[in-house]
> 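Provided herewith is a single structure, encoded as structure tokens, for subsequent inquiry.
The chain is numbered in sequence order, starting from 1. Values in this document were obtained by computation on a predicted structure and should not be read as measured data.
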Amino acid sequence: MHEELIHIILGIMIPFLGTTLGAGCVLFARHAIKPLVQKALIGFASGVMVAASVWSLLIPAMEMSESYGRLAFLPAVNGFAFGMAFLLVMDHIVPHLHMGADKPEGVKSGLARTTMLVLAVTLHNLPEGMAVGAVFAGILTGEATISLAGAFALSIGIAI
């Protein structure tokens, strides 16, 4: 149990360190990244996120509900739809400002630009943190069908 707990803490720290290192790189290379390179990096990260979502979250969710037979996809589809709806509602409610944008999104507020940028980053990172937490919580309980290697793959994908 002690060794498993260390693995879980390490797995949760991987995306934290990836986000921290990525923010540090942006801080130092603010004007050095060419638009084409930036688009390629965003595309790469998007591909990694889609792959991590499918192979480390959606497929294991469907495998966990194999007992439903032909409807094994329903829990995963319902969770996916609920997650999309939750983020859409949060996007409309939480006042936030995207980098390079002039007008904030969400409800009108008197918050400072920096605070709204932080809220935008938090809104973006919330589902990623929930996904990593849910996978490692499932491993901790011993009831998840996902392996520790799959959980680490998800953490590394989100860190990238």
Side-chain angles (χ1 to χ4, degrees), residues 4-5 7-23 26 38-109 111 113 115-160:
E4 189 175 68
L5 192 58
H7 286 129
I8 290 170
I9 291 170
L10 179 63
I12 291 172
M13 291 302 293
I14 289 172
F16 172 77
L17 293 173
T19 301
T20 304
L21 288 172
V26 169
Q38 186 176 13
K39 288 175 186 174
L41 290 172
I42 289 171
F44 174 77
S46 300
V48 169
M49 289 298 295
V50 168
S53 297
V54 170
W55 289 311
S56 295
L57 294 170
L58 288 173
I59 290 174
M62 288 186 279
E63 288 173 351
M64 289 171 140
S65 57
E66 282 179 342
S67 63
Y68 295 128
R70 290 180 45 190
L71 301 177
F73 66 94
L74 274 181
V77 167
N78 288 334
F80 190 75
F82 178 73
M84 286 174 36
F86 173 74
L87 278 179
L88 184 62
V89 168
M90 294 304 289
D91 188 55
H92 287 353
I93 292 175
V94 175
H96 61 283
L97 182 67
H98 295 279
M99 192 78 87
D102 294 330
K103 278 179 45 181
E105 293 181 12
V107 297
K108 293 186 190 269
S109 71
L111 297 174
R113 288 181 62 85
T115 304
M116 288 194 286
L117 281 170
V118 168
L119 286 172
V121 171
T122 302
L123 192 61
H124 169 81
N125 289 334
L126 183 68
E128 295 171 352
M130 289 172 63
V132 172
V135 168
F136 280 101
I139 288 175
L140 191 59
T141 63
E143 296 189 23
T145 58
I146 191 167
S147 66
L148 190 60
F152 272 104
L154 175 68
S155 286
I156 292 168
I158 286 176
I160 291 172

> Got a second to check how far L123's CG is from L87's CG, nearest 0.5 Å?
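These two atoms lie 6.0 Å from each other.
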> Shortest non-hydrogen contact from M116 to S109?
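Nearest pair, atom of M116 first, then S109: SD-OG, 4.3 Å.
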> What distance do I93 atom CD1 and L88 atom CG have between them, rounded to the nearest 0.5 Å?
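Here the interatomic distance stands at 9.5 Å.
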> CZ of F73 to CG of L58: how many Å apart, nearest 0.5 Å?
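F73 atom CZ to L58 atom CG measures 13.0 Å (nearest 0.5 Å).
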> Minimum heavy-atom separation for A159 to I14, with atom names?
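For A159 versus I14, the nearest heavy atoms are CB-O, 3.5 Å.
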> Check whether any side-chain heavy atom of E63 sits under 4.5 Å from a side-chain heavy atom of I59, and report yes or no.
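Yes; the side chains approach each other to less than 4.5 Å.
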> I need the E4 CD to L148 CG distance, nearest 0.5 Å.
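Here the rounded value is 7.5 Å.
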> Nearest 0.5 angstrom please: L154 CG to L57 CG, how far?
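Spacing of CG (L154) from CG (L57) equals 5.0 Å.
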> Find out whether L111 and L119 are in side-chain contact, i.e. whether some heavy atom of one side chain is under 4.5 Å from a heavy atom of the other.
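Touching, per the 4.5 Å side-chain cut-off.
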> Looking at V132 and G11, what are the two nearest heavy atoms and their distance?
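Heavy atoms of V132 and G11 come nearest at CG1-O, 4.2 Å.
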> Could you measure the distance from the CG atom of D91 to the NE2 atom of H124? Nearest 0.5 Å is fine.
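Atom-to-atom, D91:CG and H124:NE2 are 12.5 Å apart.
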> Do you know the tightest heavy-atom contact between A76 and A61?
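Smallest interatomic distance, heavy atoms only, reads CB-CB, 3.9 Å.
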> Should we say atom CZ of F152 is surrounded by more than 12 heavy atoms from elsewhere, each under 6.0 Å from it?
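Counting neighbours around CZ of F152, more than 12 heavy atoms of other residues, nucleotides or ligands fall under 6.0 Å, so yes.
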> If you take all heavy atoms of Y68 and P75, which pair is closest and at what distance?
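Here Y68 and P75 meet closest at CE1-CG, 3.7 Å.
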